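Comments concern the structure below.
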Amino acid sequence: MALRPVQVNMKAVDGLAVGRFWAEALGWSAYSPGVTTYVGPVGGIVWPDPVVVGIDVVPVPEPKTTTKNRVHLDLATTSAAHQAELVARLKAFGATPVDVGQGDVPWTVLADPEGNEFCVLEPREVYRDTGPIAAVVVDCADPRAMARFWGEATDWALHEVSDEHAVLRSAKRVGPYLEFLRTPDVKTVPDRVHLDLLPYPGDDKAAEVDRLRALGATDLDLGQGDVPWTCLTDPEGHEFCVLAVS
């Protein structure tokens, strides 16, 4: 048994506007079939997408605090010209430059219109086949421990691990990487961005959740009430949800 990451969940005061921003950023479309706004490849909703990890923007009343998100997206580019064009285009759509202490680096750090940080990377060979999202990056204290938990939790394969950095990716070698980056910061506010996981058809969601608890996940009550998904935190307190198989 294993779970597959299917979407990045983002909270926003104006979910539709933030969804439209990310659709522009990724060259995808924003679909609003209900309360949330799903951002995925052009051509209509295919969920779960067999290749990409989509974005699901959920409206909430509380704006983002000034605290840096502990989960962010890295966007891939194919050339220096593409990187410059993408940065300029995103600024025109409402992105703003952000200083998170990155110093003089070849990538550009921006925030979306509601302050969610992300990076526009310089061209890197490792990301040439990921699609527009190169990686979902998680700040953590112990990348090795995070790699163990998330490697057991999902069906993604370990690509690299050290004291500073750990990398997972779908065993099918499609879509973005999941990267854990050692940082000195500690979690002080609820996550504004998190991963949603989905069991495979025929698998038992309750059994999967029990398996995650045995691996070190903890139940999380956000006031969600009686919903078909289960809210958990990983061993370092990063929030995530296990969705119900439709």
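Since the structure is predicted, the reported quantities are computational estimates derived from the model, not experimental observations.
When side chains are defined from C-beta on, Trp150 counts as touching Leu197, because their heavy atoms get closer than 4.5 Å. Under the 4.5 Å side-chain criterion, counting only non-hydrogen atoms from C-beta, Ile133 is not in contact with Val53. Between Leu90 and Phe21, the closest side-chain pair of non-hydrogen atoms falls below 4.5 Å. Using a 4.5 Å cut-off on side-chain heavy atoms (C-beta onward), Pro199 and Asp204 make no contact. Taking 4.5 Å as the limit, every side-chain heavy atom of Val71 sits out of range of all side-chain heavy atoms of Leu195. Using a 4.5 Å heavy-atom cutoff, the side chains of Leu73 and Met10 are in contact. Counting only heavy atoms from C-beta outward, the side chains of Thr188 and Val186 approach each other to under 4.5 Å. Annotation: side chain of Met146 is not in contact with side chain of Val138 (no heavy-atom distance under 4.5 Å).
For the pairing with Val13, the side-chain contact (heavy atoms from CB on, under 4.5 Å) check across Pro63, Pro61, Pro59, Pro113 returns one residue only, Pro63.
Between the side chain of Arg182 and the main chain of His165, no donor-acceptor pair closer than 3.5 Å is present. Between the Glu24 side chain and the Arg89 main chain, no donor and acceptor come within less than 3.5 Å of each other. Of the possible polar contacts, none joining the Ser32 side chain to the Thr37 backbone as a donor-acceptor pair under 3.5 Å is found. With hydrogens and angles disregarded, a donor-acceptor distance shorter than 3.5 Å links the side chain of Glu236 to the backbone of Ala141. Side chain of Glu114 to main chain of Lys64: no donor-acceptor pair is present (N/O by atom type, distance under 3.5 Å, no hydrogens or angles). Formation of a donor-acceptor pair under 3.5 Å by the Arg173 side chain with backbone atoms of Asp129 is not found in this model. Remark: the backbone N or O of Val109 is not paired with any side-chain donor or acceptor of Glu117 at under 3.5 angstrom. Side chain of Glu239 to main chain of Pro190: no donor-acceptor pair is present (N/O by atom type, distance under 3.5 Å, no hydrogens or angles). Looking only at distances, no side-chain donor or acceptor of Asp191 sits under 3.5 Å from a matching main-chain atom of His194. Proximity of a side-chain donor or acceptor of Arg128 to a complementary backbone N or O of Thr78 within less than 3.5 Å is not detected.
Within the model, atoms CG of Leu26 and CD1 of Ile55 stand 5.0 Å from one another, a figure rounded to the nearest 0.5 Å. The NE2 atom of His72 lies 7.0 Å from the CG atom of Asp139; values are rounded to the nearest 0.5 Å. Taken to the nearest 0.5 Å, the OG1 atom of Thr77 stands 5.0 Å off from the CD atom of Gln83.
Heavy atoms only, all atoms of each residue included: Arg211 and Ala153 are closest at NH2-O, 3.1 Å. Here the closest non-hydrogen pair linking Arg192 and Asn69 is CB-OD1, 3.3 Å. Smallest separation of non-hydrogen atoms from His82 and Ser79: N-OG, 3.0 Å. Closest of all the heavy-atom pairs between Arg4 and Pro48 is NH1-CG, 3.5 Å. Taking every heavy atom of both residues into account, Ala23 and Ser29 meet most closely at CB-C, 3.8 Å. Summarising the geometry of Ala76 relative to Gly131, their closest heavy-atom pair is CB-O, 3.7 Å, with the distance given to 0.1 Å.
For Glu160, the salt bridge (charged side-chain N to carboxylate O under 4.0 Å, His left out) test picks out no residue, with sequence neighbours left out. For Lys172, the salt bridge (charged side-chain N to carboxylate O under 4.0 Å, His left out) test picks out no residue, with sequence neighbours left out. The salt bridge (charged side-chain N to carboxylate O under 4.0 Å, His left out) check on Lys205 picks up nothing, with sequence neighbours excluded.
Cluster annotation: Trp156 and Leu232 are assigned to the same hydrophobic cluster (Ile/Leu/Val/Met/Phe/Trp/Tyr, side-chain heavy-atom contacts under 4.5 Å, transitive). Tracing side-chain contacts under 4.5 Å through hydrophobic residues (I, L, V, M, F, W, Y), one reaches Leu178 starting from Val161; they form part of the same cluster. Under a hydrophobic clustering in which Ile, Leu, Val, Met, Phe, Trp and Tyr are joined whenever their side-chain heavy atoms come within less than 4.5 Å, directly or via other members, Leu110 and Leu121 fall into different clusters. Transitive grouping of hydrophobic side chains (ILVMFWY, heavy atoms separated by less than 4.5 Å) keeps Val167 and Leu75 in distinct clusters. In this structure, Leu3 is a member of the same hydrophobic cluster as Val52, with clusters built from ILVMFWY side-chain heavy atoms closer than 4.5 Å.
Taking the six-membered ring where tryptophan is involved, the planes of Tyr31 and Tyr38 are essentially parallel, since the angle between them stays under 30° and well short of 60°.
Asp74 and Tyr127 form no side-chain donor-acceptor contact under 3.5 Å, judged by distance and modelled atom types alone.
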*Could you please spell out the steps behind the side chain to side chain contact (heavy atoms under 4.5 Å, CB included) verdict for Val18 and Asp112?*
CA-CA 7 Å; Val18 170; Asp112 73 14; 3.9 Å; yes
